[in-house]
Participant: 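Below: one structure in structure tokens.
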Amino acid sequence: RSNPNPASASSTRVAPATATQITGEVVTVRAGVHLWSNATPTAIDFGEIGPTGARLVLVGPREGARAFVINPATESVAWVDLDAISAPGR
């Protein structure tokens, strides 16, 4: 059931990406990788993702030092530091 008052929804909840946004590039995470609310230095830290080698899918733009990703295991979207991810096998 949808929320009749979207303003009352949690401020940290992010709508899932649509299929048209998904670039399909799969990346893996390194140890100690954090997920962020946006690409700015003042972003909210959503905490660490693990384990090392977990896979994320790029779903949108790369801005500055971060990329917009979806975690297929949880269907959550967030921003991740570009230097904390790599293409599988690299």
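Reckoned from all heavy atoms, side chains included, excluding hydrogens, waters and symmetry mates. Predicted model, so just to flag it, every value in this text is computed and none were measured.
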Participant: Would V80 and W36 satisfy side-chain contact (heavy atoms from CB on, under 4.5 Å), going step by step from the backbone distance to the final call?
Facilitator: CA-CA 6 Å; V80 66; W36 303 94; 5.7 Å; no

Participant: Can you measure from CD1 (I85) to CG (L58) and round to the nearest 0.5 angstrom?
Facilitator: 5.5 Å

Participant: Looking only at heavy atoms, which two atoms of G53 and T28 are closest? And how far apart?
Facilitator: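 For G53 and T28, the tightest heavy-atom pair comes out as O-CG2, 3.8 Å.
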
Participant: How many angstroms lie between atom CZ of R66 and atom CG of N38, to the nearest 0.5 angstrom?
Facilitator: 7.0 Å

Participant: Out of the candidates V57, L35, I70, only one should pair with V77 under the side-chain contact (heavy atoms from CB on, under 4.5 Å) rule; please name it.
Facilitator: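 So the option named by the test is I70.
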
Participant: Hey, is the main chain of D83 close enough, under 3.5 Å, to the side chain of R30 for a donor-acceptor pair?
Facilitator: yes

Participant: Please report the closest heavy-atom contact between F68 and A78, naming both atoms and the distance.
Facilitator: CD1-O, 3.4 Å

Participant: Let me confirm one number: the CG-CD distance from L82 to E63, rounded to the nearest 0.5 Å.
Facilitator: 10.5 Å

Participant: Roughly how far, to the nearest 0.5 Å, is the CD1 atom of I49 from the CZ atom of R55?
Facilitator: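 Output value for this atom pair is 12.5 Å.
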
